[in-house]
There are 2 protein chains.
Amino acid sequence: MSQPQPSTVRNRLLRALGSDDFARLALALERVPLTLGDILIGPHRRIAYAYFVEEGIVSVVADTAEGRIEIGITGFEGLVGTPLVLSTDRTPHMAIVQVEGAALRLPADALRAALTDSPTLRGVLGRYVQSLIVQVGQTVHAGRDLTVEGRLAHWILMTHDRLGRDELPLTHEFLSVMLGVRRPGVTAATHTLEGNGLITARRGCITVRDREKLEEMAGDTYGVAEAEYERLLTDE
Amino acid sequence: MSQPQPSTVRNRLLRALGSDDFARLALALERVPLTLGDILIGPHRRIAYAYFVEEGIVSVVADTAEGRIEIGITGFEGLVGTPLVLSTDRTPHMAIVQVEGAALRLPADALRAALTDSPTLRGVLGRYVQSLIVQVGQTVHAGRDLTVEGRLAHWILMTHDRLGRDELPLTHEFLSVMLGVRRPGVTAATHTLEGNGLITARRGCITVRDREKLEEMAGDTYGVAEAEYERLLTDE
DNA sequence: GAAGGGCCGTACGAAAACGTACTAAATATT
DNA sequence: AATATTTAGTACGTTTTCGTACGGCCCTTC
């Protein structure tokens with residue numbers, strides 16, 4: 001028996017499931033590594049698996065004429081492959097591994113069958129999608145109302161939560177894509193945050209030093225989505 | 001019998017339903033006017049009804065320290081109250097009437113019951129939520145990669161589709177909130193579009209004159225979400 | 001038909017971010 | 001150890017958008 005047990009799983013959605021729902025999925029779950037740059041879901045391609053992230057970060061991005069833009073971000077709190085929850089097996093977006101880690105993947109058919117059979121599973125995963133929508137809304141807010149420094153703080157906080165450690169393996173180049181700014185803009189913003197003691201940065205790695213001040217800097221672009229996630233996973 | 005018949009309904013989701021699913025909802029549907037400024041869903045309040053929009057525009061907005069920001073937009077192609085589809089009855093967002101019209105509203109309980117009973121209804125409404133997510137993604141793209149003029153073109157196109165007529169009753173003040181820019185910025189952008197013959201503007205009203213050029217101006221921020229909607233409503 | 005309020009046009013200095021190009025440092029490669 | 005490659009830092013003129021303020025127009029209301 002190599003199937004995961006609830007107690008050995010980090011993914012918060014799987015842990016939130018009742019034992020019957022977990023059992024429904026467990027047989028078909030398979031642990032796979034997430035390697036930097038892996039494309040878990042390609043644009044307009046059939047989605048073969050849903051991924052319950054155990055460790056690492058996966059981003060949902062749109063591929064546009066002006067390059068990739070980030071729509072949303074998923075860590076061990078979430079699921080990649082939300083279109084399957086929404087009764088379709090394609091999406092124009094892509095899901096790509098941004099920080100390496102691991103996931104429990106589930107064949108699309110198995111997820112579909114489980115969703116058909118279990119109202120409670122539909123509840124948990126539907127509410128997760130709701131929390132994702134709120135997350136995207138917060139990102140819209142950040143892009144509109146914050147300077148580059150603020151947006152950087154916002155993004156670091158989200159990643160910090162979803163990675164569960166203080167050292168974030170991120171290059172400026174990468175961040176510039178995520179934040180939608182020039183690469184030198186990231187350099188400047190990083191220095192500002194570092195100068196104020198909110199983070200320390202070295203080549204390819206940012207370390208969180210003062211979460212509270214980061215939250216202050218992100219203002220009300222941070223927290224709403226996270227509160228919504230907690231509410232949705234515990235309330236009902 | 002004052003319940004709506006499929007043939008008298010404009011809402012595209014209702015029209016896409018099979019006759020059994022439509023019948024399931026019809027008894028509880030009630031036609032209500034949508035008055036400018038009506039708040040259909042308040043932030044963190046219990047959602048009492050879902051609204052299948054028949055005419056007019058409803059926006060999903062987030063209320064932030066920096067004012068309201070638009071997350072998404074719904075016309076006769078959609079449904080207001082998507083959190084109900086996602087198994088929750090609250091959301092931090094609000095839904096507010098931006099262009100007056102009418103809707104068929106459905107008590108939350110009735111929607112929940114119908115969703116529990118009907119996998120096909122879950123399919124249609126779930127896929128609609130998916131199309132909304134894509135729509136929000138396009139808005140993120142527009143906010144990041146277009147100038148104010150381009151974003152205005154993007155917004156006019158979306159509204160044009162969802163209103164189904166060429167005359168859009170919009171003030172600069174209102175647009176400045178939707179686009180997240182200064183009010184004089186809207187004035188300038190409007191003049192540019194008008195100068196190129198894409199629209200004509202008079203006090204409180206913008207008239208679409210050249211959709212093709214508007215689409216050109218919006219680039220690939222327009223079209224993806226609309227194609228996705230059509231695919232999702234017809235494909236499966 | 002005068003008054004007032006909402007809507008629109010215009011102007012201008014300031015700030016943020018851009019595009020681009022080039023240098024420097026750290027890590028990989030051989 | 002020498003060299004290539006990736007990542008990070010810096011510089012500078014340009015563009016976009018901002019904040020703010022004020023004047024004019026249309027339309028309602030009295």
Side-chain angles (χ1 to χ4, degrees), chain A residues 36-37 64-69 98-100 140-156 167-195 199-207 217-219 221, chain B residues 36-37 64-69 98-100 140-156 167-195 199-207 217-219 221:
Chain A
L36 189 63
T64 77
E66 288 78 18
R68 289 181 176 164
I69 64 163
Q98 306 289 24
V99 175
E100 63 173 12
V140 172
H141 180 197
R144 177 155 300 176
D145 296 321
L146 294 182
T147 61
V148 175
E149 282 113 38
R151 271 181 277 168
L152 179 58
H154 171 82
W155 205 90
I156 290 174
E167 309 215 332
L168 318 177
L170 308 166
T171 67
H172 291 191
E173 175 65 33
F174 169 78
L175 283 169
S176 76
V177 174
M178 292 300 104
L179 300 178
V181 298
R182 285 172 323 137
R183 205 266 309 148
V186 174
T187 304
T190 304
H191 289 170
T192 305
L193 297 195
E194 201 169 11
I199 60 172
T200 53
R202 25 174 248 280
R203 193 188 172 75
C205 181
I206 286 178
T207 305
M217 181 151 245
T221 69
Chain B
L36 189 64
T64 76
E66 289 79 19
R68 289 180 176 164
I69 63 163
Q98 306 289 23
V99 175
E100 62 172 12
V140 172
H141 180 197
R144 177 155 301 177
D145 296 321
L146 295 182
T147 62
V148 175
E149 281 114 39
R151 272 181 277 168
L152 178 58
H154 171 84
W155 205 90
I156 289 174
E167 310 214 332
L168 319 177
L170 309 166
T171 67
H172 290 192
E173 175 63 34
F174 168 79
L175 283 168
S176 76
V177 174
M178 292 301 102
L179 300 178
V181 297
R182 288 170 321 135
R183 204 266 310 147
V186 174
T187 304
T190 304
H191 290 170
T192 305
L193 297 195
E194 201 169 10
I199 60 171
T200 52
R202 23 173 252 279
R203 194 190 173 73
C205 181
I206 286 178
T207 305
M217 182 152 246
T221 68

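Sequence lines set the chain letters: A, B, ... in the order given, protein chains first and strands last, and positions in each chain run from 1.
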Report summary line: Between A:P184 and A:T147, whichever has its closest DNA chain C nucleotide further toward 5' is A:T147

Of the listed nucleotides [options], the one nearest the side chain of [X]:
X      : options               : answer
B:V148 : D:dG9, C:dT10, D:dT17 : D:dT17
B:V181 : C:dA17, D:dC18, C:dG9 : D:dC18
B:T187 : C:dT10, D:dA8, D:dT17 : C:dT10
A:R182 : D:dA11, D:dT7, C:dA16 : D:dA11

Requested in this report: Establish whether the base of D:dG9 is bridged to the side chain of A:R203 by a donor-acceptor pair shorter than 3.5 Å.
Outcome: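 No.
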
Query raised in the report: Does a distance-only test, which skips hydrogens and angles, find a donor-acceptor pair under 3.5 Å between the side chain of A:R183 and the base of D:dG9?
Result: yes

Heavy-atom pair of closest approach, residues [X] and [Y]:
X      : Y      : result
A:V148 : A:A189 : CG1-CB, 3.8 Å
B:M217 : B:L193 : SD-CD2, 3.2 Å
B:H141 : B:T221 : ND1-CG2, 3.6 Å
A:T190 : A:H172 : OG1-NE2, 3.8 Å

For the pair made of [atom1] in [X] and [atom2] in [N], what is the distance, rounded to whole Å?
X      : N      : atom1 : atom2 : value
A:D145 : C:dA15 : CG    : C1'   : 16 Å
A:E173 : C:dT27 : CD    : C1'   : 17 Å
B:F174 : C:dG6  : CZ    : C1'   : 16 Å
B:L170 : C:dC8  : CG    : P     : 10 Å
A:H172 : C:dA26 : NE2   : C1'   : 13 Å
B:L175 : C:dC8  : CG    : C1'   : 13 Å
A:L146 : D:dT17 : CG    : C1'   : 16 Å
A:L152 : C:dA16 : CG    : P     : 16 Å

Heavy atoms under 4.0 Å, any strand shown: does [X] hit a base, just sugar-phosphate, or nothing?
X      : answer
A:G185 : nothing
A:G150 : nothing
B:R151 : sugar-phosphate

Query raised in the report: Does D:dA8 have OP1 or OP2 sitting under 4.0 Å from an N or O in the side chain of A:H191?
Result: no

**Report entry** Polar side-chain atom of B:E194 near backbone of B:A201 as donor-acceptor pair, under 3.5 Å
**Finding:**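 Checking the backbone N and O of B:A201 against the side chain of B:E194, a donor-acceptor pair under 3.5 Å is found.
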
